Amino acid sequence: MKNEQLSSPIIIDSFSEKLSNKIQAGFKISEYNAKLPYVVLTKEQKRINHALHLQLFCITFGIWSFVWIYLTLTHTPKKEILIAIDEDGNVFEEKCLLN
């Protein structure tokens, strides 16, 4: 594929729109390459402060356990995704493997 096709305004707009949607969803840019073009985005893991939740559990006589269990079950691990443009000019998104 020629470089002129990669710099098409429609493709660049689609790439930018997908990128901005992910940034609004809480992702941060961890790697960027304008030459190829691709972007690796990272969303950090939410930490649960179990010591604080244990104290709230004791203060509220166990009622806080519902909140604590919900937060533990909806815990999200670290995520990394790749947004790039392939040879045909299509914007795609792929999950990256974490170490």
Side-chain angles (χ1 to χ4, degrees):
M1 174 177 210
K2 295 183 180 178
N3 198 15
E4 297 88 32
Q5 290 177 331
L6 284 178
S7 62
S8 167
I10 296 170
I11 296 170
I12 299 298
D13 288 344
S14 176
F15 181 76
S16 298
E17 182 180 345
K18 188 167 225 127
L19 182 61
S20 66
N21 288 342
K22 291 298 180 181
I23 290 174
Q24 288 176 355
F27 285 89
K28 294 182 181 178
I29 297 174
S30 60
E31 188 176 335
Y32 175 74
N33 187 331
K35 199 172 193 179
L36 288 178
Y38 74 87
V39 176
V40 177
L41 299 167
T42 305
K43 190 171 190 178
E44 292 299 322
Q45 175 180 353
K46 290 184 180 177
R47 301 255 184 231
I48 298 175
N49 187 346
H50 290 288
L52 172 67
H53 288 287
L54 179 62
Q55 290 175 351
L56 291 170
F57 173 83
C58 294
I59 291 170
T60 62
F61 302 107
I63 295 173
W64 191 256
S65 65
F66 298 111
V67 175
W68 193 4
I69 291 170
Y70 174 77
L71 290 174
T72 303
L73 291 176
T74 60
H75 178 297
T76 57
K78 182 178 179 179
K79 296 179 185 176
E80 284 190 349
I81 59 171
L82 168 78
I83 298 176
I85 300 173
D86 64 8
E87 296 94 20
D88 297 327
N90 299 320
V91 178
F92 69 94
E93 175 182 330
E94 213 174 76
K95 291 182 182 179
C96 295
L97 298 175
L98 297 174
N99 299 345

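All values derive from a computational prediction rather than experimental measurement.
- Nearest approach of Ser30 to Thr42, heavy atoms of both residues: OG-OG1, 3.1 Å.
- For Phe92, the side-chain contact (heavy atoms from CB on, under 4.5 Å) partners are Leu82, Ala84, Asp86, Glu94, not counting sequence neighbours.
- Exactly one of Gln45, Lys46, Arg47 qualifies for a side-chain hydrogen bond (donor to acceptor under 3.5 Å, both in side chains) with His75. That residue is Gln45.
- Across all their heavy atoms, Ile48 and Thr72 have their closest contact at CD1-CA, 3.7 Å.
- Contacts of Lys43 classified as side chain to side chain donor-acceptor pair (under 3.5 Å), with partners at least two apart in sequence or in another chain: none.
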Show every donor-acceptor pair shorter than 3.5 Å between a side-chain atom in residues 53-63 and any protein atom, with sequence neighbours excluded, or say none if there are none.
{"residue": "His53", "atom": "ND1", "partner": "Trp64", "partner atom": "NE1", "Å": "2.8"}
{"residue": "Thr60", "atom": "OG1", "partner": "Leu56", "partner atom": "O", "Å": "2.7"}
{"residue": "Thr60", "atom": "OG1", "partner": "Trp64", "partner atom": "N", "Å": "3.1"}

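- Shortest non-hydrogen contact noted between Ile11 and Val91 is O-CG2, 4.0 Å.
- Residues in residues 12-26 take part in these side-chain hydrogen bond (donor to acceptor under 3.5 Å, both in side chains) pairs, two or more places apart or across chains: Lys22-Glu93.
- Residues satisfying the side chain to side chain donor-acceptor pair (under 3.5 Å) test with Glu44, not counting sequence neighbours, are none.
- The minimum heavy-atom distance linking Cys96 with Val40 is given by the pair SG-CG1, 4.4 Å.
- If you chain together ILVMFWY residues whose side-chain heavy atoms come under 4.5 Å of each other, Leu73 ends up grouped with Ile69.
- Leu41 contributes atom CG, which lies 9.5 Å from atom CD of Glu80 (distance to the nearest 0.5 angstrom).
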